[in-house]
S.K.: 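Pasting a structure below so you can have a look.
Since we're looking at a predicted model, the values are computed, not measured. In what follows, every heavy atom counts, from backbone to side chain, and hydrogens, waters and symmetry copies are set aside. First the proteins, then the strands, lettered A, B, ... as listed; each starts at 1.
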There are 4 protein chains.
Amino acid sequence: MTRKLTERGRARRRQILDVAAGLFAERGYHPTSVADIVEALGVGKGVFYWYFESKEDLFLEILASSSQDLRRRQQSAIGDEPDPLRRIELGIRASLAWFREHRRLINLQQFAATEDRFAAALRQHDAVAIDDITRHLKEAMADGTVPAGQDPAMLAHALVGATRHLARTYLFTADEPVEVVADVAVRFVIGGLVAEEPPARRLSR
Amino acid sequence: MTRKLTERGRARRRQILDVAAGLFAERGYHPTSVADIVEALGVGKGVFYWYFESKEDLFLEILASSSQDLRRRQQSAIGDEPDPLRRIELGIRASLAWFREHRRLINLQQFAATEDRFAAALRQHDAVAIDDITRHLKEAMADGTVPAGQDPAMLAHALVGATRHLARTYLFTADEPVEVVADVAVRFVIGGLVAEEPPARRLSR
Amino acid sequence: MTRKLTERGRARRRQILDVAAGLFAERGYHPTSVADIVEALGVGKGVFYWYFESKEDLFLEILASSSQDLRRRQQSAIGDEPDPLRRIELGIRASLAWFREHRRLINLQQFAATEDRFAAALRQHDAVAIDDITRHLKEAMADGTVPAGQDPAMLAHALVGATRHLARTYLFTADEPVEVVADVAVRFVIGGLVAEEPPARRLSR
Amino acid sequence: MTRKLTERGRARRRQILDVAAGLFAERGYHPTSVADIVEALGVGKGVFYWYFESKEDLFLEILASSSQDLRRRQQSAIGDEPDPLRRIELGIRASLAWFREHRRLINLQQFAATEDRFAAALRQHDAVAIDDITRHLKEAMADGTVPAGQDPAMLAHALVGATRHLARTYLFTADEPVEVVADVAVRFVIGGLVAEEPPARRLSR
DNA sequence: AATGAATGAGGATTCATTCAT
DNA sequence: AATGAATGAATCCTCATTCAT
């Protein structure tokens, strides 16, 4: 079903992807009908099904491409920075900048987690991000910057959770400067990663 | 429109609430039809509308009552603990324990954020939780445990984000012991909260 | 199914009849549910079905009793007036007074005509009224007051149509004094009944 | 929401309008389901909603277009007749002819009056007809044919009531020749309009 | 490539009526 | 007599998808 498309065809396809992402993000996946999408584009319904197998398909593609786009942004920000913790910081800053620009997409990931048919795909994309971070963490543990003995994947998830939630909360509207949010996020996350066991330990039980 | 209910009526109402929460969490809100709910209960379709105004209404109620339940759990765990950071720790541990028991409900909050008509309600409930944490943080800032100068609400969101995401990832199945996740969460979060500016600062830019 | 009712039972029955007539007239038959009726009365649903076979049944009874009530009013107004045209006038005046008092019921007759299952009953009740009038007209034709040669039933319908429509239009709200409407109605109707052929004839074709 | 329709589309739309008008008139608005309508057409349920916003909408459109159609017929019958009373006669005759041809539609107007959401629209359409007649009457009063001193709008309503009721009663089936009914209607109405006050006056009180 | 038209299963909701207590 | 609870067919409407042109 993957069609060979002319230049114009590829443009139209991207156009559908964009408009749909916008509508999905704004209203939600289910409340947005294929009819809404094509109407927003001012074209007939046939157009949609010429370029996409199904609504579900389209959503999956938006999901995949946004994850890829975000990752590209992170990697280009990180470059060949040697310090693993610094790489994490750069990744967080890049992610927040990306979220601000594509704030509408945060909702899509959010939603994808709640329905089986999308959750699997989402998990895969997330795994890639978690892997990246885990790699940095292992290195940081090796050189002693981050105390060893904790599951790096778990730390990676804590990091991702904090970052995304901050993005969701403060970057959805354009009010808060990214810089401010990023500073808090970085300090919080790095602090959490390098934290020694004792103080927390002593408190518990 | 609030009906006078007999004992039996209240039981049935609760039953619907439970079954529906389960189905919503498992399959998602939209993929779960009212027909599915009543069928799972083995009753006629009218029963649903005897107890609830609409499907939307039911969802909203599930959302509200789960937030309240979680909060009750946190507060009873915190008791009258005087140390604010310790209160936060107890809150996190209580939350994770609650999430494990009600892991199905995590998805509902997740979903609620993606559709306008639910997002507003969700934000209100979240605000309560954030307020609680913010209060602890201000106290901790006052006594110097947590460095002042940062927006306590923002820190609260970072904390919540990390905690929830860990819950979502590791407590959804029963594989990971809550203790383990809680230890990581607490160490990460407390570490993040008490982190001094310098190291993060030096790294950035 | 006709129950033996206690005094209190008969009162409740009448109460239902009244409330239902009000709601039917105000909102229409279909938009008024049995639930609405019992709710307006503040009783349970069982009550309704204790006193009435069905919603349809209830409506039919309202229809019948209102026709009877109107007829009683007409007859008592007419008394033993010997002049047939004068009897018609008195009937019209009595009808309009009744319509003003029971203006809500005009709609019910109106509606009844539009559904088969009610139309038959309505026709029967109407036939009674038409018969009454027809009798007066025949008498008036016999004594020469009304020119003979026209179908008295047809004239009766013209009379009824004019009167009811005026009632519907001007008596539905309490603004217009009945007297004024009645004067116009009587003059118009009597004028129409006594009209000689020539002027109309000459004009047509 | 007004769609661009092809020739074929417009034909289908009209077809729905016709079939629905027939069913509504025959069985009533509520007893006729959208399913009935599309089934009568032998098409899928979606077709209906491709052409109409809702069942209510469709009904409103039928109402409006039938009023317009009737008015067109009246006006073309009246032409440029100078005598106002003669214009009224021609209007009545044209109306009755139209009612005979579209006898099914009488019921729709009848019904529309009984539910708020339709009554308003109906009143507007009726107002147009009443205005037309009122204009003729004022002219007739000016030239002395119709005695002045009465509210012309009220007379117009009496006229309309008599005419419509005769139509409803005698033209619903094809038994009665329109001519006969029209002759009675015209003689009755014109007689009612030109009636002098005295005789009626003397009788009353 | 694209359009308007059509499909029909599925969804939320209503409601007259019945029933157990 | 009366209540709250329950039934389930029926209703309006939506929507992903397909089709003829």
Side-chain angles (χ1 to χ4, degrees), chain A residues 3 5-6 8-9 12 30-38 41-58, chain B residues 3-13 30-38 41-58, chain C residues 3 5-6 8-9 12 30-38 41-58, chain D residues 3-13 30-38 41-56:
Chain A
R3 283 180 207 287
L5 296 175
T6 65
R8 179 166 157 245
R12 171 124 295 183
H30 288 287
T32 302
S33 69
V34 172
D36 291 336
I37 297 170
V38 297
L41 276 153
V43 300
K45 273 212 199 113
V47 171
F48 183 92
Y49 287 93
W50 181 260
Y51 293 102
F52 296 93
E53 199 91 39
S54 68
K55 186 188 172 189
E56 187 171 333
D57 225 54
L58 163 72
Chain B
R3 265 180 227 290
K4 277 177 283 176
L5 294 179
T6 63
E7 185 51 51
R8 182 177 165 219
R10 278 192 301 278
R12 171 106 319 160
R13 195 167 193 282
H30 287 288
T32 302
S33 69
V34 172
D36 290 336
I37 296 170
V38 297
L41 276 151
V43 299
K45 228 174 297 205
V47 169
F48 183 92
Y49 290 94
W50 179 259
Y51 294 101
F52 297 93
E53 202 93 37
S54 68
K55 188 186 170 190
E56 187 171 332
D57 223 56
L58 164 71
Chain C
R3 280 179 209 288
L5 296 174
T6 65
R8 181 169 155 240
R12 171 119 300 179
H30 287 287
T32 301
S33 69
V34 172
D36 291 337
I37 296 170
V38 297
L41 276 153
V43 300
K45 275 213 197 112
V47 170
F48 183 92
Y49 287 93
W50 180 261
Y51 292 102
F52 296 93
E53 200 92 38
S54 68
K55 187 187 171 188
E56 187 172 333
D57 225 54
L58 164 72
Chain D
R3 266 180 225 289
K4 277 176 285 175
L5 295 179
T6 63
E7 185 51 51
R8 183 177 164 219
R10 278 192 300 278
R12 170 107 320 161
R13 195 166 193 282
H30 288 288
T32 301
S33 69
V34 172
D36 291 337
I37 297 170
V38 295
L41 275 151
V43 299
K45 227 173 297 203
V47 169
F48 183 92
Y49 291 94
W50 178 259
Y51 295 101
F52 296 93
E53 202 94 38
S54 67
K55 187 187 170 188
E56 187 171 332

S.K.: Using atom CG of Leu41(B) as one end and atom P of dT7(F) as the other, report the distance to the nearest whole Å.
M.R.: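 Taking atom P of dT7(F) as the reference, CG of Leu41(B) is at 10 Å.
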S.K.: Just checking Tyr51(B): base, sugar-phosphate only, or nothing, at a heavy-atom cut-off of under 4.0 Å?
M.R.: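 Touches sugar-phosphate only.
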S.K.: Less than 4.5 Å apart, any side-chain heavy atom of Leu41(A) and any of Phe48(A)?
M.R.: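 SC-SC contact between Leu41(A) and Phe48(A) ruled out.
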S.K.: Which base sits across from dC15(F) as a Watson-Crick or G-U pair, both distances under 3.5 Å?
M.R.: dG8(E)
S.K.: Once rounded to the nearest 0.5 Å, what's the spacing between atom CH2 of Trp50(B) and atom CZ of Arg13(B)?
M.R.: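 Output value for this atom pair is 13.0 Å.
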S.K.: Are Lys4(D) and dT3(E) close enough that a side-chain N or O sits under 4.0 Å from OP1 or OP2?
M.R.: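 Answer is no, no contact under 4.0 Å.
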S.K.: Figure out the CG/P separation between Leu58(A) and dA16(F), and round it to whole Å.
M.R.: 11 Å
S.K.: In whole angstroms, how far is the P atom of dT3(F) from the CZ atom of Arg12(B)?
M.R.: 22 Å
S.K.: With a 4.0 Å cut-off on heavy atoms, is Val47(A) in touch with a base, just the backbone sugar-phosphate, or nothing at all?
M.R.: base
S.K.: Using whole Å, what does the distance between atom P of nucleotide dG8(F) and atom CH2 of Trp50(B) come to?
M.R.: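 So the CH2-P distance, Trp50(B) to dG8(F), works out to 16 Å.
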S.K.: For dA1(E), take OP1 and OP2 only and decide whether either is under 4.0 Å from a side-chain N or O of Thr6(A).
M.R.: yes
S.K.: Can you name the nearest heavy-atom pair linking Val38(A) to Lys45(A), along with the distance?
M.R.: CG2-CG, 4.0 Å
S.K.: Rounded to the nearest 0.5 Å, what separation is found between the CG atom of Leu58(A) and the OG atom of Ser54(A)?
M.R.: 8.0 Å
S.K.: In the 5'-to-3' direction, what one-character label does each nucleotide of nucleotides 13-21 of chain E receive under the scheme B = base within less than 4.0 Å of a protein heavy atom, S = sugar-phosphate only, - = no such atom?
M.R.: BBBSBB---
S.K.: Rounded to whole Å, please give me the gap between CG in Leu5(D) and C1' in dA5(E).
M.R.: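 In whole Å, dA5(E) C1' lies 10 Å from Leu5(D) CG.
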S.K.: Identify the heavy atoms of Val43(C) and Arg12(C) that sit nearest to each other, and give their distance.
M.R.: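 So the two residues come closest at CG1-NH1, 3.3 Å.
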S.K.: With a 3.5 Å limit on both atom pairs, tell me what dT21(F) is paired to, counting Watson-Crick and G-U wobble, or say none.
M.R.: dA2(E)
